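The structure appears below as structure tokens.
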Amino acid sequence: RGAGGLILCAPTAGYEVAQGDLADLPVLTADQRDTLLSAAWALNEYASPQAPTAARSAATGQRGADTGRPGDDYNARGDVRALLEAHGWVRTRAGANEHWCRPGKARGTSATLKDGVFHVFSSNAAPFEPDGSYAPFAVYALLEHAGDYEQAARALRAEGYGGDAADDGDVDISAIADPGVAEGEKRPATADPGPMPAELLRVPGFVSEVMDHCLAAAPYPSPVMAFAGAISLQAFLAGRKVRDPGDNRTNVYLLGLAHSGAGKNFPREINTEIVHRIGLADCLGQSFASGEGIQDALFLTPCMLFQTDEIDGMLQSINKAKDARHEAVLNTLLTMFSASNSVFPMRRKAGKESPGVIDQPHLVIFGTAIPNHYYEALSERMLTNGFFARMIILESGPRPTGQEPGLRNVPERVLATARHWAEMRPGEGDLQNWHPVPKVVEHSEEARSLLVENRREAEAEYAKAEQAADPVGTTVWGRLSEQVRKLALLYAVSENHSAPRIGVEAVRWASRFMMHQTRRMLFMAASHVADNPFQADCLKLLQKLRDAPDRELSHSVLLKRMKMKTKDFKELVDTLVQRGEVEVLTAPRSGWPVRTYRLVEGETRQGGET
């Protein structure tokens, strides 16, 4: 048993050995081992960023080492600078490490050319990929022949590159292999869209009515937190009652990010009062003690609203735990999200009969956390295992202006709508043995067309992330269409609980909301989640500059805030300057030159470009 899994094999009942003998395991010979290792080594695609062929040729004044290949010869003596200039690139700094600006950009550094290697930083410099390193032949093939390396080799052969080799298809594959990206140079692929626009925090009907009550009564009225609380309440109330034609349900995982004392708790109190008033108090949960505990709770009450504070603490426990208990919490949350339109079989205990299944488990989470603590608690594994993609994350921003709290009763209209959902029983059976058959909320034809258009847009973004080998991007974009359909369904049932229909406005709102949410999630994850300590320091320094007035700090102030040794600080700054993310300024102040560091204007990538 390990990480919550079981392995079964012979002589367990139902299993038999089909091949081999567990008591007599095969042993590789030395020759077989060498064969396997040689095969693995042959698949290596690493190419040195120093471009040894080009460097040797420049030193000797002769052609490349393999004169039979036009790609090698072009690496040695091809004029890649003239090629780049012909395609609109502009050299902005000469020297051993040349700086180049991409076409369509007035200033800044989009790429560098050093030792025969063209390294591209920009995410907007097609056909080059961000963080890609290219030999001259690869630059030529991409710019002149749309990446067809065989055609590029033939064209160079016709121009006199290469030796007398008979095979015109002898393409310089080594020049196109990606030499890799140095540690600490990963950048977000998406520009920062900013916090969620205020107009997207409004859904007509029940959600807005709950929001208005919350904002009127809260000591610190936060529209973001009020919206998160109201939409989670609606998602819970409609659970196991409605679905769209694609069998999508209203179960959502919402997370509101706000600092302490900024109004995180009041929306939960509003939801708790409403749920108590309509007789569903047993459907509320507060914390995730274990994966088994979540399953047991849903077994007794298949539709639940969990409202939990400081969810970042749970994530940190999962990251640091050395046993499978916390891992089981995460696995259960992932499984329940996808099981809302099916059945979940309960775990079987040794020597006992199966306890049964959870019929269409409907779990809604309304969690809150402090912004920085949440993002710092995330790990690379969490970003790619689907948990991050399932969360709808909303940021409250600065603490709102306070107001004098008062005793305000929940509006009767809100309670009446909530009771409507509590009493609704679509399906068969009685209260004790109810098998729900949720009502189908139909789309209008135009709404359905918009959903198809949104799906195709998400698929295009997924393909880009897949091509860029971005596991976080593929995970998040892969969930976008499903989330849009869930939110469009929530919009419809909030707008008209008695006769809901998914119309054009519902889909437009849901599409805009999730496209903005997805881009913000990707940007914030890349800004806070590091693969190694050096990258973490890079992100920390950039965040210090981003939070500073005019995005600029003096050397002494920034060094003090980074709390690190001068030598390490210099290495960090040098790296960010070379990547074009930070620029160094020197200006006289009180008769003395003062060095300052400024975040490069117009750059929203911790590296990439707008």
Side-chain angles (χ1 to χ4, degrees), residues 49-51 54 58 74-75 78-147 152 175-176 178-182 184-192 464 467-468 523 526-527 538 541-542 545-546 550-552 572-587 595-610:
Q50 299 302 318
Y74 187 84
N75 283 342
D79 191 352
V80 71
R81 295 175 181 82
L83 176 64
L84 289 168
E85 290 172 350
H87 284 268
W89 285 80
V90 177
R91 183 166 55 175
T92 58
R93 181 187 299 177
N97 186 24
E98 300 176 7
H99 287 210
W100 289 76
C101 182
R102 65 169 173 80
K105 189 166 182 278
R107 61 189 179 86
T109 299
S110 305
T112 59
L113 180 62
K114 181 181 180 182
D115 296 331
V117 175
F118 187 61
H119 184 84
V120 180
F121 299 107
S122 175
S123 59
N124 194 21
F128 302 110
E129 294 292 335
D131 294 338
S133 296
Y134 304 88
F137 173 60
V139 175
Y140 171 81
L142 288 168
L143 293 180
E144 294 289 325
H145 298 280
I176 66 175
D178 183 2
V181 182
E185 290 194 10
K186 289 189 177 180
R187 304 172 182 85
T190 305
D192 181 13
K464 291 179 184 178
Q467 186 178 13
F523 175 81
S527 300
C538 287
L541 189 148
L542 292 170
L545 291 178
R546 191 175 292 110
D550 300 324
R551 298 191 171 189
E552 182 177 330
L572 198 66
V573 170
D574 288 346
T575 299
L576 294 173
V577 169
Q578 290 176 16
R579 281 165 37 174
E581 302 176 57
V582 172
E583 58 182 341
V584 182
L585 306 175
T586 303
R595 183 191 305 173
T596 61
Y597 303 104
R598 183 170 64 189
L599 200 67
V600 174
E601 295 295 335
E603 303 290 334
T604 55
R605 47 176 178 88
Q606 245 82 309
E609 297 184 17
T610 57

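It should be emphasised that the depicted structure is a prediction, and the values quoted were computed from it without experimental measurement.
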Side-chain touch [X]/[Y], heavy atoms, less than 4.5 angstrom:
| X | Y | answer |
| --- | --- | --- |
| Val120 | Ser110 | no |
| Phe128 | Leu143 | yes |
| Trp89 | Cys101 | no |

Practice problem: Could you check Glu144 against Leu83 for side-chain contact (heavy atoms from CB on, under 4.5 Å), going step by step and ending with a plain yes or no? | Solution: CA-CA 9 Å; Glu144 294 289 325; Leu83 176 64; 3.4 Å; yes
Looking at [X] and [Y], what are the two nearest heavy atoms and their distance?
| X | Y | answer |
| --- | --- | --- |
| Ala125 | Ser122 | N-OG, 3.8 Å |
| Pro136 | Gly116 | CD-O, 3.1 Å |
| Leu542 | Glu581 | CD1-OE1, 3.1 Å |
| Phe137 | Asn75 | N-OD1, 2.9 Å |

Quiz item: So Tyr140 and Tyr74, would you call those rings parallel, tilted or perpendicular, with 30° and 60° as cut-offs?
Solution: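 The rings of Tyr140 and Tyr74 sit tilted, inter-plane angle from 30° to 60°.
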Exercise. Taking atom CD of Glu85 as the centre, report whether more than 12 heavy atoms of other residues, nucleotides or ligands fall under 6.0 Å from it.
Key: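 Buried by this count: over 12 neighbours within 6.0 Å.
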Quiz prompt | With Tyr134, the side chain to side chain contact (heavy atoms under 4.5 Å, CB included) member among Val117, Val139, Val80 | solution =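 That would be Val139.
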Quiz item: Of Leu541, Val600, Leu545, which is the lone residue that meets side chain to side chain contact (heavy atoms under 4.5 Å, CB included) with Leu576?
Solution: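 Result for side chain to side chain contact (heavy atoms under 4.5 Å, CB included) with Leu576: Leu541.
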Nearest-0.5 Å distance that lies between atom [atom1] in [X] and atom [atom2] in [Y]:
| X | Y | atom1 | atom2 | value |
| --- | --- | --- | --- | --- |
| Tyr597 | Leu585 | OH | CG | 10.5 Å |
| His119 | Gln578 | NE2 | CD | 10.5 Å |
| Arg102 | Leu84 | CZ | CG | 14.5 Å |

Practice problem: Determine, step by step, whether Lys105 and Asn124 satisfy the side-chain contact (heavy atoms from CB on, under 4.5 Å) criterion, reporting the C-alpha distance in whole Å, the side-chain angles of both residues, the deciding distance to 0.1 Å, and the verdict. | Solution: CA-CA 10 Å; Lys105 189 166 182 278; Asn124 194 21; over 6 Å; no
Exercise. Check ring pair (Phe, Tyr, Trp, His ring centres under 6.0 Å) between His87 and all other residues, then give those that pass, not counting sequence neighbours.
Key: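 For His87 there are no ring pair (Phe, Tyr, Trp, His ring centres under 6.0 Å) partners, ignoring immediate neighbours.
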Donor-acceptor pairs under 3.5 angstrom involving side-chain atoms of residues 91-98: please list them, not counting sequence neighbours.
| unit_1 | atom_1 | unit_2 | atom_2 | d |
| --- | --- | --- | --- | --- |
| Arg91 | NH1 | Glu98 | OE2 | 3.3 |
| Thr92 | OG1 | His99 | O | 3.2 |
| Glu98 | OE1 | Arg81 | NE | 3.2 |
| Glu98 | OE1 | Trp100 | NE1 | 3.1 |
| Glu98 | OE2 | Arg81 | NE | 2.8 |
| Glu98 | OE2 | Arg81 | NH2 | 2.9 |

